Amino acid sequence: MDTTFLLNSVWVMVSAVLVILMIGGFILLETGSTRMKNAGHIAGKTILTFGISSIVFWAVGYGLIFGAGNALIGLSDFFYSGYEVEGLGLSGAVFFLFQTAFAGISITIAFGGFAERAKMSVYLVFAVLFSILVYPPIAHWIWGGGWLAEHGKQDFAGSTVVHLTGAMAALAATILLKPRIGKYNKDGSANNLYGHNQVYTALSVLLLWVGWFGFNAGSTVAVDGGFFGFVAVNTNLAAAAGTIAAMIISWIVIGKADVSMMLNGALAGLVAITASCAFVDTWASVVIGFIAGILVFYSIRFFEARKIDDPIYALSVHGAAGVWGTLSTGFFATPELASVGQPGLFYGGGFEQLGVQALGVVVCGAFAFIVSFVLLAIMKSFMGGLRVTEEEEIMGLDMSEHGVYGYPELLESEKPAIKTTGTFGTDGKSIKV
């Protein structure tokens with residue numbers, strides 16, 4: 001067997017493992033960014049929904065993306081059986097697993113918008129629907145030889161395909177679910193519902209940062225020439241720049257070096273460079289990451305001012321930064337590195353590639369949002385609502401959905417809920433538990 005084939009297969013297998021381990025990073029991120037009474041629920045549903053997305057991807061997702069079909073969708077290769085693909089240059093089974101991991105990350109991002117108030121049954125149903133009707137069409141358009149690929153859309157590892165898609169589904173959920181109890185006061189001012197463990201969130205960012213080397217550098221799907229090393233360098237530089245930028249802007253605006261904002265800046269830098277990591281020079285990766293760090297700060301404030309309750313800032317970290325990252329190749333893609341599409345505006349390519357990138361953002365973002373909103377609205381009608389009751393939300397989803405706390409030794413004495421009296425929600429209803 002060809003040595004290059006074996007090396008490519010090993011490299012992509014390692015990358016697939018790194019991307020799957022990012023699920024652990026998202027567990028810590030969402031758990032640490034939310035309240036203790038929901039910790040076990042968040043951890044468990046994240047593992048379960050990755051399992052669901054894996055089965056659905058095996059059955060139909062892979063075929064809808066990479067199967068033979070037309071410019072809109074793939075129509076073959078369902079129930080993947082481990083066959084090899086001619087000319088792929090690595091094991092077909094390894095490539096399948098790598099793509100499974102990407103599909104799982106996108107639904108995990110989407111569920112950030114559901115946090116602390118959605119029913120467990122809603123996660124189960126939407127995981128199936130998203131994995132068939134939302135993610136595969138967009139992935140096919142860009143990665144599966146669809147119509148955006150024909151236009152030269154540049155999205156090397158998924159700023160649009162994975163991150164923007166997940167964020168737009170999260171936006172649909174936050175609108176339909178409405179804010180968490182206690183998030184906003186009658187006058188419209190927002191309360192900080194602080195996460196219970198900032199160490200978890202910091203550790204999650206480190207795990208995601210490392211996993212991103214599999215996400216981006218692994219997307220080379222080859223070891224020839226060691227190009228994956230260049231992609232990894234760009235990835236690291238953008239994350240570093242995003243961290244620094246978010247810290248600086250928070251220090252300037254609010255007078256404190258906000259730790260959570262620094263962490264969001266790192267993730268925003270990673271999301272932004274995901275589209276362009278193989279198409280831009282190293283200096284551009286620093287600029288892209290730095291702008292993402294500033295953008296995520298103002299994006300978070302923008303959504304909060306409009307009463308869009310996004311507990312883990314998926315809309316800003318994955319949505320706003322995903323848009324910027326996708327557009328960035330239209331500015332910074334170099335003639336030497338633009339293996340897909342055209343060079344960017346700053347390299348003599350004019351507005352052509354920027355226009356293609358903008359088209360991809362608008363169409364893919366709108367598709368993910370509209371389809372997710374319709375699906376969730378239908379689910380809301382047929383499932384008796386998307387949200388747990390007020391009493392269950394105050395009690396916490398650990399107890400109300402699963403009957404046990406994630407931290408039993410700390411919270412068991414307070415069953416069935418943290419006793420609270422106050423005015424909650426937009427209707428000003430007083431609830432005593």
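Remember, it's a predicted structure, so these values are computed and weren't measured experimentally. Residue numbers count from 1 along this sequence.
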If you take the centroid of each ring, where Trp contributes its six-membered ring, are [Y] and [X] closer together than 6.0 Å?
X      : Y      : answer
Tyr298 : Phe302 : no
Phe66  : Phe95  : yes
Phe215 : Phe102 : yes
Phe96  : Phe57  : yes
Phe26  : Phe111 : no
His318 : Tyr313 : no
Tyr405 : His41  : no

Quiz item: Which atom pair, heavy atoms only, marks the closest approach of Tyr407 to Ala39?
Solution: CE1-CB, 3.5 Å

State, yes or no, whether a side-chain contact exists between [X] and [Y] at a heavy-atom distance under 4.5 Å.
X      : Y      : value
Val371 : Pro137 : no
Lys183 : Glu304 : yes
Thr108 : Ile23  : yes
Tyr135 : Leu64  : no
Leu375 : Val134 : yes
Leu207 : Leu21  : no
Ile73  : Trp141 : no

Quiz prompt | Selection residues 6-30 - residue pairs positive for salt bridge (Lys or Arg N to Asp or Glu O under 4.0 Å), sequence neighbours left out | solution = Glu30-Lys45

Distance-only polar pair, side chains of [X] and [Y], donor-acceptor under 3.5 Å:
X      : Y      : result
Ser91  : Ser9   : no
Thr34  : Asn38  : no
Asn236 : Trp209 : yes
Ser33  : Thr201 : no
Thr329 : Gln154 : yes

Solution key, residues 265-280 side-chain donor-acceptor pairs under 3.5 Å, sequence neighbours excluded:
| residue | atom | partner | partner atom | Å |
| --- | --- | --- | --- | --- |
| Thr274 | OG1 | Trp212 | NE1 | 2.8 |
| Thr274 | OG1 | Leu270 | O | 2.7 |
| Thr274 | OG1 | Val271 | O | 3.4 |

Can [X] and [Y] be counted as an ion pair, charged N to O under 4.0 angstrom?
X      : Y      : value
Arg387 : Glu393 : yes
Asp309 : Arg180 : yes
Lys37  : Glu116 : no

